[in-house]
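The next block holds one structure in the form of structure tokens; read it before the comments.
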2 protein chains.
Amino acid sequence: MLLGMSVYTPGQVAEETGFSLDTLRYYERIGLLEPIGRNAAGQRRFTQDDIGWLGMIRCLRDTGMPIAEMLRFAELVRAGEHTIADRIALLESHDRRVEAQVANLREKQAAIRNKIGYYRAVTG
Amino acid sequence: MLLGMSVYTPGQVAEETGFSLDTLRYYERIGLLEPIGRNAAGQRRFTQDDIGWLGMIRCLRDTGMPIAEMLRFAELVRAGEHTIADRIALLESHDRRVEAQVANLREKQAAIRNKIGYYRAVTG
DNA sequence: GCTTGACCTGGAGCCGACTCCAGGTGCGAT
DNA sequence: ATCGCACCTGGAGTCGGCTCCAGGTCAAGC
């Protein structure tokens, strides 16, 4: 029973992660994903681990991390356990940027709402 | 005394708004700013109003509104008072997107912090 | 009267992040 | 056995948003 060893087709992964097929191939090409396993016909078969890593990629991407920095993180992960301090440093520094991002967003949002309020007042 | 009629050079505006000189010219070219006044030598002189509008642009830009939509908003503003309802609609719809953006950011940030916590636990 | 510095123009170039394409393979269902 | 579909490759193209460049103009200070 190899229940835990399930693999996923590119289509399934695209569906699940929200990345397009092209983006998945692109990420593999540039080394953001390490080489994905293949079946006999040369088609990609993603593992649960690959999908987990893609989840991380999505977090970083959605919070505005540039690909160059995600690549650095990927390299740290590949380099093994002794890079964990560096990974923490990278993620914490990113976390601070995210915090600043949210603060800026909130500030600008307040100004926009203010403008809406002004327009409302003008039209009565 | 024309105290209220002060004008600003491109350099001053760049300084104050944080937009580069090239970006200011670019925004005028594409019509996001309406044609900026000129002095005798053909150099731009920005008014207080221009700077106010640039403040709005910055809010919209920093909250992720694409230029195409800012252009639409600019056109509404130029078209006069009768477009105020449309402007409110546009800004409110944007505000909802900003809200979603913040929510997504927070969610992904939580996952990143989780990862940091995991790394911390691993290294003890 | 010459240099310096801030500005002007139109147009080209760049960067990040995909996205699309042409031409080809293999597999499951009819 | 043939159709359709999901997949493959390398490479080119797109898009948004600037950013840079060459060559030129003025005004003020030395």
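In what follows, chains carry the letters A, B, and so on, assigned in the order in which the sequence lines appear, proteins first and then strands, with residues in each chain numbered from 1. Predicted model only: the values in this text are computed from it and were never measured.
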Residues that, via side-chain heavy atoms closer than 4.5 angstrom, fall in one hydrophobic cluster with Val102(B) |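 Val102(B) clusters with Val98(A), Val102(A), Leu105(A), Val98(B), Leu105(B).
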Is there a side-chain polar atom (N or O) of [X] under 4.0 Å from OP1 or OP2 of [N]?
X        : N       : result
Tyr27(B) : dC18(D) : yes
Thr9(A)  : dA6(D)  : no
Arg61(A) : dC18(C) : yes

If you group Ile, Leu, Val, Met, Phe, Trp and Tyr by side-chain heavy-atom gaps below 4.5 Å, do [X] and [Y] land in one group?
X        : Y        : result
Leu24(A) : Val7(A)  : no
Leu21(B) : Leu54(B) : no
Ile30(B) : Met56(B) : yes

Under a 4.0 Å N-O cut-off, is there an ion pair linking Arg120(A) with Glu92(B)?
->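 Result for this pair is yes, salt bridge flagged.
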NZ or CZ of Arg45(B) within 45° of Tyr8(B) ring axis and under 6.0 Å |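 No.
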What is the distance from [atom1] of [X] to [atom2] of [N], rounded to the nearest Å?
X        : N       : atom1 : atom2 : result
Asn39(A) : dA6(D)  : CG    : C1'   : 11 Å
Leu21(A) : dT19(C) : CG    : P     : 11 Å
Leu32(A) : dG16(C) : CG    : C1'   : 14 Å
Leu24(A) : dA17(C) : CG    : P     : 16 Å
Met70(B) : dG16(D) : CE    : C1'   : 11 Å
Met65(A) : dG16(C) : CE    : P     : 16 Å
Ile30(A) : dA17(C) : CD1   : P     : 8 Å
Leu71(B) : dC15(D) : CG    : P     : 17 Å

Closest listed nucleotide, where the reference is the side chain of Ser20(B) and the choices are dG17(D), dT19(C), dT19(D) |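 Nucleotide nearest to Ser20(B)'s side chain: dT19(D).
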Go through the side-chain N and O atoms of Thr83(A) and Asp86(A) and say whether any donor and acceptor fall under 3.5 Å apart.
->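 Thr83(A) vs Asp86(A): no donor-acceptor pair found between side chains.
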When rounded to the nearest 0.5 angstrom, what is the spacing between CG in Leu91(B) and CE in Met65(B)?
->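 Reported to 0.5 Å precision, the distance equals 6.0 Å.
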Provide a list of protein-nucleic acid N or O atom pairs under 3.5 angstrom, restricted to nucleotides 26-30 of chain D.
none

Show each protein N/O and nucleotides 9-14 of chain C N/O combination with a separation under 3.5 Å, one pair to a line.
{"unit_1": "dT9(C)", "atom_1": "OP1", "unit_2": "Arg38(B)", "atom_2": "NH1", "d": "3.2"}
{"unit_1": "dT9(C)", "atom_1": "OP1", "unit_2": "Arg38(B)", "atom_2": "NH2", "d": "3.2"}
{"unit_1": "dT9(C)", "atom_1": "OP2", "unit_2": "Arg44(B)", "atom_2": "NH1", "d": "3.2"}
{"unit_1": "dT9(C)", "atom_1": "OP2", "unit_2": "Arg44(B)", "atom_2": "NH2", "d": "2.8"}

Classify the angle between the aromatic ring planes of Phe73(B) and Trp53(B) as parallel (below 30°), tilted (30 to 60°) or perpendicular (above 60°).
->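 Rings of Phe73(B) and Trp53(B): parallel, as their planes differ by under 30°.
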